[in-house]
Protein chains: 2
Amino acid sequence: MINRENGVACYQQLSEILIKQIEKGIFKPGSQLATEIELSKRYRLNRHTVRQAIERLENEGFVYKIKGKGTFVASDKINYKVSKRTSFTTSILDVGLNPDARLLESYEIAAGRELSKRLNIQFSDRIIVLEIVRFVNKMPFCHTTSFLSKAKFPELRSLINGSFSLVAVLKKHYGVDAVRKSSTFEVSTPETSDMDILMISQKVPILLVKSISKGQDGEVVEYCVTKFRRDMCSIIVDFNGEGR
Amino acid sequence: MINRENGVACYQQLSEILIKQIEKGIFKPGSQLATEIELSKRYRLNRHTVRQAIERLENEGFVYKIKGKGTFVASDKINYKVSKRTSFTTSILDVGLNPDARLLESYEIAAGRELSKRLNIQFSDRIIVLEIVRFVNKMPFCHTTSFLSKAKFPELRSLINGSFSLVAVLKKHYGVDAVRKSSTFEVSTPETSDMDILMISQKVPILLVKSISKGQDGEVVEYCVTKFRRDMCSIIVDFNGEGR
DNA sequence: CCTGTATAGATGTATAGACAAGTTGGAGGC
DNA sequence: GCCTCCAACTTGTCTATACATCTATACAGG
């Protein structure tokens with residue numbers, strides 16, 4: 001199966017063999033791949049070479065690994081829609097899945113240089129920080145850190161408790177209609193804390209989305225940084241839609 | 001420098017040491033990192049362990065490697081702006097850099113199942129395919145494959161020669177005002193052909209953006225797939241702006 | 001001056017062995 | 001029956017060695 005004379009690295013050949021098998025649907029999502037040792041015997045390769053091959057599958061989001069258990073075929077990516085007005089809950093419900101959220105922490109900090117610029121407030125103004133983990137079908141999906149001006153939303157921390165639709169709280173209690181204005185997309189790798197929260201290894205890339213929302217008056221309402229498990233989603237940006 | 005008792009993998013410790021050094025600006029973009037062997041001697045680690053550490057830096061876009069030469073500190077990412085109407089050229093000029101493009105290939109194919117759906121045409125209709133590589137400051141930046149209906153733009157292939165602003169050609173010769181309607185963002189890894197075109201190794205992730213543009217009449221004009229070197233850019237989506 | 005060769009040094013690939021750490025299931029004791 | 005503990009199996013980490021491949025430089029020969 002592995003050609004050792006054609007100049008193509010063995011681990012790349014094995015990668016492609018495995019990807020083809022997965023794409024053909026030979027394995028169902030969640031099913032276990034052959035173990036590293038089985039593969040190394042079957043293809044007459046060293047275990048490290050097999051690991052190199054599987055590493056690429058992991059990076060591409062085809063498989064995930066659990067130490068002590070094995071390597072498993074990943075589920076299809078979720079098509080996560082982002083537009084001016086989409087919220088997490090509606091986006092996930094739209095694709096027929098089950099959204100959930102948990103407020104990890106809420107605290108206050110001084111704005112500092114970067115945040116004061118983003119939120120268009122003073123350097124020493126207080127900022128409310130909300131950290132929320134969102135789940136899809138009970139699996140951790142993304143980790144959002146939101147920054148809002150304390151002066152504008154003084155009671156936000158107590159209001160948010162129990163409700164995870166920030167947009168709804170802002171609308172109901174402050175009459176603010178927050179609309180996404182811009183988002184920046186980057187690929188990164190998780191920090192230690194994110195590894196625990198999102199239950200991934202450091203080797204799995206994450207999609208980093210930084211968004212700015214503004215109110216009716218054009219003032220910045222929220223700056224948020226969301227870390228998506230990149231193996232779980234592809235993100236669809238709708239330039240037109242008001243969403244729903 | 002490396003603590004072997006605290007339960008943190010050596011390669012992760014080294015990763016963080018190197019990242020900190022780079023972030024502090026000790027190395028300027030383009031400067032060479034210590035070689036693998038130097039690092040392995042300095043930190044008393046095996047060369048493979050050093051390679052594991054550097055692999056993460058490469059994945060994060062901090063460094064790039066050239067076989068036979070060494071490992072080099074990468075430049076800052078380009079903030080590439082995408083909105084309804086931004087074009088590559090204006091986006092790059094906006095950030096003060098030098099855009100360029102080259103038409104790799106143009107050819108025709110039958111639509112087939114997926115493309116006919118995307119372009120809203122018949123299964124057997126002909127499609128014009130344009131492959132364009134775009135450069136920033138002479139460095140390959142992205143690879144775009146555009147799909148357009150041959151019936152709508154019969155002479156496109158000869159018109160496009162020499163001009164790389166597809167939008168301008170459509171406007172000038174067909175009176176069509178193409179506006180981006182939606183874009184899908186995914187992280188992937190390059191195919192063999194992309195590795196050559198974008199001059200990257202298979203290990204460097206790429207950002208895959210699939211976009212749909214429509215004309216004034218609301219009909220789909222273009223479906224394009226763009227592969228960005230993810231180490232070279234972060235992408236900013238503007239939900240409001242008409243761009244320019 | 002140009003060219004081809006030799007060499008040193010860099011990363012890339014493959015192999016081998018060892019141990020760590022997490023998971024699972026079964027044997028054995030209670 | 002239930003619990004504990006151990007053995008087997010899995011992935012994770014580290015080391016060691018060897019050779020391939022590519023780059024750059026130096027140098028000899030034309």
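Lettering follows sequence order; numbering is per chain, from 1.
- A:T49 comes within contact range of at least one nucleobase, with a heavy-atom separation under 4.0 Å.
- The distance from atom CG of A:N46 to atom P of D:dT17 is 16 Å, rounded to the nearest whole Å.
- Toward the 5′ end of DNA chain C lies the nearest nucleotide of A:A9, the other residue of the pair A:A9 and A:I66 mapping further downstream.
- Side-chain contact, B:R157 with B:S106: a donor N or O sits under 3.5 Å from an acceptor N or O.
- Both A:T71 and B:V8 sit near DNA chain D, but only A:T71 has its closest nucleotide nearer the 5' end.
- Distance B:K67 NZ to C:dA8 P: 20 Å, rounded to the nearest Å.
- The aromatic ring centroids of B:F185 and A:F185 lie less than 6.0 Å from each other.
- Atom P of nucleotide D:dC14 and atom CD of B:Q52 are separated by 6 Å, given to the nearest angstrom.
- Contact annotation: B:R47 does not reach the phosphate of D:dA16 (side-chain N/O to OP1 or OP2, under 4.0 Å).
- Considering only the side chain of A:H48, C:dG17 comes nearest among D:dT11, C:dG17, D:dT15.
- Nucleotide D:dC14 holds its P atom 11 Å from the CG atom of B:N6, rounded to whole Å.
- Between B:E114 and B:Y223 the shortest side-chain heavy-atom distance falls below 4.5 Å.
- In this structure, the nucleotide among C:dA21, D:dT15, C:dT11 sitting nearest to the side chain of B:L45 is D:dT15.
- Residues B:S40 and B:T49 fail the side-chain proximity criterion, which asks for heavy atoms closer than 4.5 Å.
- The end-to-end axis angle of the helix from C:dC1-D:dG30 to C:dC30-D:dG1, rounded to 10 degrees and based on five pairs per end, is 10°.
- Environment of NZ in A:K65: crowded, with over 12 heavy atoms of neighbouring residues, nucleotides or ligands closer than 6.0 Å.
- Counting only N and O atoms by type, the side chains of A:Y107 and A:E131 include a donor and acceptor under 3.5 Å apart.
- The side chain of B:E38 has C:dA10 as its nearest neighbour among C:dT13, C:dA10, D:dT11.
- A:L14 has its CG atom 13 Å from the C1' atom of C:dA14, to the nearest Å.
- The interatomic distance linking B:F72 (CZ) with C:dG9 (C1') rounds to 12 Å, in whole Å.
- One finds no side-chain N or O of A:Y11 lying less than 4.0 angstrom from the OP1 or OP2 phosphate oxygen of C:dA14.
- C:dT13 atom C1' lies 20 Å from atom CZ of A:R44, rounded to whole Å.
- Summary of the strand contacts: A:E58 and A:G7 both lie near DNA chain D, and taking for each the nucleotide with the nearest heavy atom, the more 5' one is attributed to A:E58.
- B:R51 has no side-chain polar atom (N or O) that falls below the 4.0 Å cut-off from OP1 or OP2 of D:dT15.
- Side chain of B:R4, nearest nucleotide from D:dC14, C:dT13, C:dT15: D:dC14.
- Taking the side chain as every heavy atom from C-beta outward, A:I236 and A:Y80 never approach each other to under 4.5 Å.
- Checking C:dT11, D:dT13, C:dT13 against every side-chain atom of B:K65, the shortest atom distance belongs to C:dT11.
- Considering only side-chain N and O atoms, A:T35 lies nowhere under 4.0 angstrom from the phosphate OP1 or OP2 of D:dC9.
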For nucleotides 24-26 of chain C, give me every protein contact, N/O to N/O, under 3.5 Å, one pair per line with atom names.
from, atom 1, to, atom 2, distance (Å)
C:dT24, OP1, A:K69, NZ, 3.2

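- Taking 4.5 Å as the limit, every side-chain heavy atom of B:T226 sits out of range of all side-chain heavy atoms of B:R134.
- Test A:E186, A:K227, A:E191, A:H143 against A:I206 for side chain to side chain contact (heavy atoms under 4.5 Å, CB included) and you get one pass: A:K227.
- Spacing between atom CD of B:Q13 and atom C1' of D:dT13 amounts to 12 Å, rounded to whole angstrom units.
- Separation of the A:F27 and A:F72 ring centroids does not fall under the 6.0 Å cut-off.
- When side chains are defined from C-beta on, A:R51 does not count as touching A:E58, because their heavy atoms never get closer than 4.5 Å.
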